[in-house]
Participant: 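Structure below; questions to follow.
Only a predicted model underlies this, so the values are computations on that prediction, with no experimental measurement involved. Along the sequence shown, residues carry numbers from 1.
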Amino acid sequence: MRRLAQTALLALIGAGLLHTALFTDLYLRYVKEGLRPVLIASGFVLLLLGAVNACLDLRGNREPHEGHDHREALSHGHDHSTAPKVAWLLALPALSLLLYAPPALGAYTAAHSNGKPVATTPKERFPALPATSPLPLTLTGFTQRVQQDPTLAIRGREVRLTGFVTPAGAGGGWYLTRIIFTCCAADSQTVKVRVHGPEAPPANTWLAVTGTWHPAGRLGTRTAEAALDVRETHPIAQPVNAYTDDLPLPPS
């Protein structure tokens with residue numbers, strides 16, 4: 001790989017980062033929203049390095065002794081002006097950022113990962129539930145109410161949860177699922193709620209489901225299953241904040 005190609009590769013990667021982080025929401029498939037400024041800064045730095053490298057090449061080409069030095073380096077068998085050909089593989093992720101976004105994490109990832117441990121909430125921190133019906137909750141919030149709330153406020157309450165479909169495997173049935181990034185896709189975890197009632201829609205379908213807690217185990221303790229008797233399902237577009245366990249934000 002010649003120096004000109006190295007310069008072009010730096011610029012290509014920088015442009016890919018800036019395109020993804022500045023003009024699209026695709027970066028949310030790979031990292032948390034808070035890392036967007038880091039991606040933008042990295043893109044600008046790579047473009048700047050590419051520009052500096054290009055300027056140095058132009059300046060070097062004007063030096064009369066450069067060709068002699070280059071031939072001397074070749075004669076000694078250690079030309080450092082080129083990089084290994086395998087470096088061209090770095091162009092693939094850069095081109096994917098510009099031309100083709102890899103698919104988002106989904107049901108396959110969730111089916112092959114363990115569920116995210118739901119953080120324990122102190123008993124005194126469970127506020128009274130609003131009278132809204134159906135009550136919108138996150139999957140984590142629903143699980144905490146089912147397994148930790150001593151007031152049993154979730155009993156009989158109609159709730160609305162959102163997530164994507166993950167088949168339950170050999171046992172049949174399906175889960176409503178969210179994948180959560182702590183930092184990026186590499187450390188993703190899943191949180192699932194078992195669905196009882198309707199047949200499983202296609203995997204990765206995003207749904208808003210309405211129903212009540214499915215009695216299994218002792219409510220308010222860890223023996224209670226995070227499960228829902230579903231009355232209604234409605235397909236929805238994948239939300240912008242797909243890799244958090246927050247209430248969904250609609251696409252802009």
Side-chain angles (χ1 to χ4, degrees), residues 1-110 112-113 164 178-190 204 237-244 246 249-252:
M1 177 184 286
R2 298 291 181 181
R3 286 182 60 86
L4 180 61
Q6 296 174 40
T7 300
L9 187 56
L10 281 173
L12 185 64
I13 296 173
L17 282 177
L18 289 178
H19 169 74
T20 302
L22 276 178
F23 304 113
T24 74
D25 293 321
L26 293 176
Y27 73 96
L28 293 173
R29 295 185 179 185
Y30 318 115
V31 298
K32 293 187 70 172
E33 184 176 9
L35 292 177
R36 186 180 196 182
V38 178
L39 293 180
I40 294 173
S42 299
F44 277 118
V45 168
L46 288 171
L47 285 179
L48 179 61
L49 289 174
V52 170
N53 206 20
C55 290
L56 291 176
D57 282 346
L58 289 175
R59 180 179 177 183
N61 288 334
R62 296 193 184 105
E63 296 292 335
H65 61 275
E66 182 185 6
H68 172 74
D69 292 343
H70 180 63
R71 287 192 297 271
E72 183 179 353
L74 287 175
S75 68
H76 287 82
H78 57 273
D79 177 19
H80 299 295
S81 63
T82 61
K85 292 182 179 180
V86 71
W88 278 111
L89 293 177
L90 292 174
L92 297 179
L95 288 173
S96 74
L97 292 175
L98 287 170
L99 304 176
Y100 171 75
L105 299 182
Y108 179 84
T109 301
H112 291 81
S113 65
F164 63 86
R178 294 294 288 260
I179 292 179
I180 304 169
F181 288 177
T182 302
C183 174
C184 61
D187 59 16
S188 62
Q189 296 177 302
T190 61
N204 294 312
Q238 178 175 312
V240 173
N241 56 337
Y243 297 104
T244 67
D246 301 322
L249 297 174
S252 56

Participant: Return the CD to OH distance between Gln189 and Tyr243, rounded to the nearest 0.5 Å.
Facilitator: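 It comes to 15.0 Å.
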Participant: Working note: Leu46 + Leu17, criterion side-chain contact (heavy atoms from CB on, under 4.5 Å); need CA distance, chi angles, decisive distance, verdict.
Facilitator: CA-CA 9 Å; Leu46 288 171; Leu17 282 177; 3.9 Å; yes
Participant: Where do Ser42 and Ile13 land on the side-chain contact (heavy atoms from CB on, under 4.5 Å) test, with the steps shown first?
Facilitator: CA-CA 10 Å; Ser42 299; Ile13 296 173; over 6 Å; no
Participant: How many angstroms lie between atom CG of Leu9 and atom CG of Asn53, to the nearest 0.5 angstrom?
Facilitator: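 So the gap between those two atoms works out to 11.0 Å.
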Participant: Applying side chain to side chain contact (heavy atoms under 4.5 Å, CB included), name anything that partners Leu22, two or more places apart in sequence or on another chain.
Facilitator: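 Side chain to side chain contact (heavy atoms under 4.5 Å, CB included) check on Leu22 returns Leu18, Ile40.
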Participant: Measuring only between side-chain heavy atoms, which start at C-beta, is Arg178 closer than 4.5 Å to Thr244?
Facilitator: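 Arg178 reaches Thr244 side chain to side chain.
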Participant: Are the side chain of Thr109 and the backbone N or O of Leu105 linked by a donor-acceptor pair below 3.5 Å?
Facilitator: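 No, Thr109 side chain to Leu105 backbone: no donor-acceptor pair under 3.5 Å.
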Participant: Show the nearest heavy-atom pair for residues Ile179 and Gly106, with the distance to one decimal.
Facilitator: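 The pair with the smallest heavy-atom distance is CD1-O, 3.7 Å.
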Participant: Check the pair Val31, Phe181 against side-chain contact (heavy atoms from CB on, under 4.5 Å), reporting the backbone distance first and the verdict last.
Facilitator: CA-CA 7 Å; Val31 298; Phe181 288 177; 5.7 Å; no
Participant: Which heavy atom in Asp246 sits nearest to a heavy atom in Asn241, and how many Å separate them?
Facilitator: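 Where Asp246 meets Asn241 most closely, the heavy atoms are CB-ND2, 3.5 Å.
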Participant: Partners of Ala107 by side chain to side chain contact (heavy atoms under 4.5 Å, CB included), sequence neighbours excluded?
Facilitator: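 Residues passing side chain to side chain contact (heavy atoms under 4.5 Å, CB included) with Ala107: Phe164, Thr166, Pro167, Ala203, Asn204.
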Participant: Heavy atoms only: give me the nearest Ala11-Leu47 pair and the separation to one decimal.
Facilitator: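 Where Ala11 meets Leu47 most closely, the heavy atoms are O-CD2, 3.4 Å.
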Participant: Under a 4.5 Å cut-off applied to non-hydrogen side-chain atoms, are Val45 and Leu49 in contact?
Facilitator: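 Val45 reaches Leu49 side chain to side chain.
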